[in-house]
Amino acid sequence: MYHSKIAGLGYYVPSNVVTNDDLSKIMDTNDEWIQERTGIQERRHIIRGEDTTTSMGVKAAKIAIERSGVAKEDIDFVVFATLSPDYYFPGPGVLVQRDLGLRTVGALDVRNQCSGFVYAISVADQYIKTGMYKNILVIGSEVHSTGLDMTTRGRGVSVIFGDGAGAAVLSREEDLTKGILSTHLHSEGQHAEELALQAPGMGARWVTDIIADNDPNDESYYPYMNGQFVFKNAVVRFAEVINEGLEANGLQVSDIDMLIPHQANLRISQFIQNKFKLSDDQVHNNIQKYGNTTAASIPIALTEAWEQGKIKSGDTVVLAAFGSGFTWASAIIKW
């Protein structure tokens, strides 16, 4: 039995910065309203024709691979987390295998939205723990901007999300006191429709139905979020899954050197920080700059924190996420 460690990290965000003031020019909103509710000041949106979910993932992956010191020929498997694939099928994992010029390794797509990267890390961790694979590329990448209702009607959701990608190379670690100590995954499908994009879908409204209805008031193909309900569940599940990880490893809250929460809403992150009495130096948030990038938010924030020297060898790092599904997850890592 082995542990897995994060050997390399990378992230990429589009160059196109969209501020709250920019959004106020196309919908009835303003900087104060957005910051008060979400903490977001700006986000990145792709420029069509320049970036896709896959291409951003590839750019982040190249950085992570280079930093890991692992040759791309030694990558054994790819796990790609996203809710916004380039194509309905195939998924972006195989496109990454192609675009990076990897061997004909396996490629797996994870559809767990905001907790997708932690789920993907957990999957990769199991493969490495069992000895099946030695080096696995894990990516979280999202393009939200092209699928949002960028009008006043959609402002409750559209002001929150941004585009970007993050990646990690997981490698075998023989020292069982280091690396990923444990991961913890949960779901509650009872609330699936409280944060969802239901069309087009094979089970209900497909593209042909949307075209046939030709209804300008149809919102089924835009994301829906019951914001207050999601917030109330998030703060409970975040705390539960963090505590679960700490208890599984005999750790206390005081042992946390760095918490990387999914960047859903700055108010959620601040609630959890206050609940656990963590200092600003123990939590890394960047939603102010990038918005909610769903499966990309944790790897972007984790990479940024590492680049800024906030994570050092021997640190206990906690990743935690909650989102659509509902799904929630945590990972406890000894750096």
Side-chain angles (χ1 to χ4, degrees), residues 11 13-14 16-45 113-115 117-118 140 142 144-145 148-150 152 154-166 194-195 223 225-239 241-242 256 258-305 307-308 310 318-324 326 328:
Y11 79 94
V13 291
N16 181 33
V17 177
V18 179
T19 66
N20 294 342
D21 288 336
D22 291 333
L23 293 181
S24 72
K25 297 171 184 176
I26 59 174
M27 62 180 73
D28 183 12
T29 190
N30 59 69
D31 179 64
E32 181 182 8
W33 188 88
I34 296 171
Q35 287 207 51
E36 179 183 341
R37 287 160 178 77
T38 69
I40 300 168
Q41 299 170 17
E42 60 187 42
R43 73 286 295 146
R44 305 296 179 96
H45 286 177
Q113 293 68 250
C114 300
S115 60
F117 187 78
V118 183
E142 305 285 7
H144 290 113
S145 58
L148 297 172
D149 181 359
M150 302 300 287
T152 299
R155 67 180 178 177
V157 172
S158 298
V159 301
I160 297 172
F161 293 97
D163 303 338
E194 301 296 343
L195 176 51
M225 179 173 64
N226 183 343
Q228 289 188 340
F229 188 76
V230 170
F231 188 101
K232 290 176 181 178
N233 278 266
V235 293
V236 172
R237 298 306 193 185
F238 258 110
V241 82
I242 292 169
I256 298 175
M258 178 56 62
L259 170 64
I260 307 289
H262 162 57
Q263 301 294 290
N265 185 311
L266 187 60
R267 307 305 164 220
I268 294 175
S269 296
Q270 290 171 332
F271 184 97
I272 297 303
Q273 178 178 343
N274 292 335
K275 182 179 180 66
F276 284 93
K277 297 181 172 60
L278 298 173
S279 70
D280 289 344
D281 292 335
Q282 291 173 285
V283 184
H284 186 75
N285 290 304
N286 60 10
I287 191 171
Q288 303 95 319
K289 297 188 297 181
Y290 302 127
N292 180 343
T293 56
T294 311
S297 85
I298 284 182
I300 292 174
L302 180 61
T303 303
E304 199 174 62
E307 288 178 345
Q308 294 174 10
K310 295 182 177 182
V318 178
L319 313 180
F322 173 91
S324 174
F326 287 154
W328 59 100

Note, Val157 side chain near Asp149 side chain (heavy atom, < 4.5 Å): no

Side chain to side chain contact (heavy atoms under 4.5 Å, CB included), paired with Leu259, selected from Asn285, Leu319, Ile242: Ile242

Parallel, tilted or perpendicular: rings of Phe231 and Phe271 (30°, 60°): perpendicular

Side-chain heavy-atom pair Ser297, Ile287 within 4.5 angstrom cut-off: no

Flag side-chain contact, heavy atom, 4.5 Å: Val230 against Asn265: no

Close side-chain approach of Thr29 and Ile34, heavy atoms under 4.5 Å: yes

Polar side chain donor-acceptor pair, Asn20 to Glu32, under 3.5 angstrom: no

Pair Asp31, Gln41: side-chain N/O donor-acceptor within cut-off below 3.5 Å: no

Within-4.5 Å side-chain heavy-atom neighbours: Val159 and Met27: yes

Side-chain donor-acceptor pair present, Thr19, Asp22, cut-off under 3.5 Å: yes

Working for salt bridge (Lys or Arg N to Asp or Glu O under 4.0 Å), residues Glu194 and Lys232: CA-CA 12 Å; Glu194 301 296 343; Lys232 290 176 181 178; over 6 Å; no

Name of the residue among His262, Gln263, His144 meeting side-chain hydrogen bond (donor to acceptor under 3.5 Å, both in side chains) with Thr294: His144

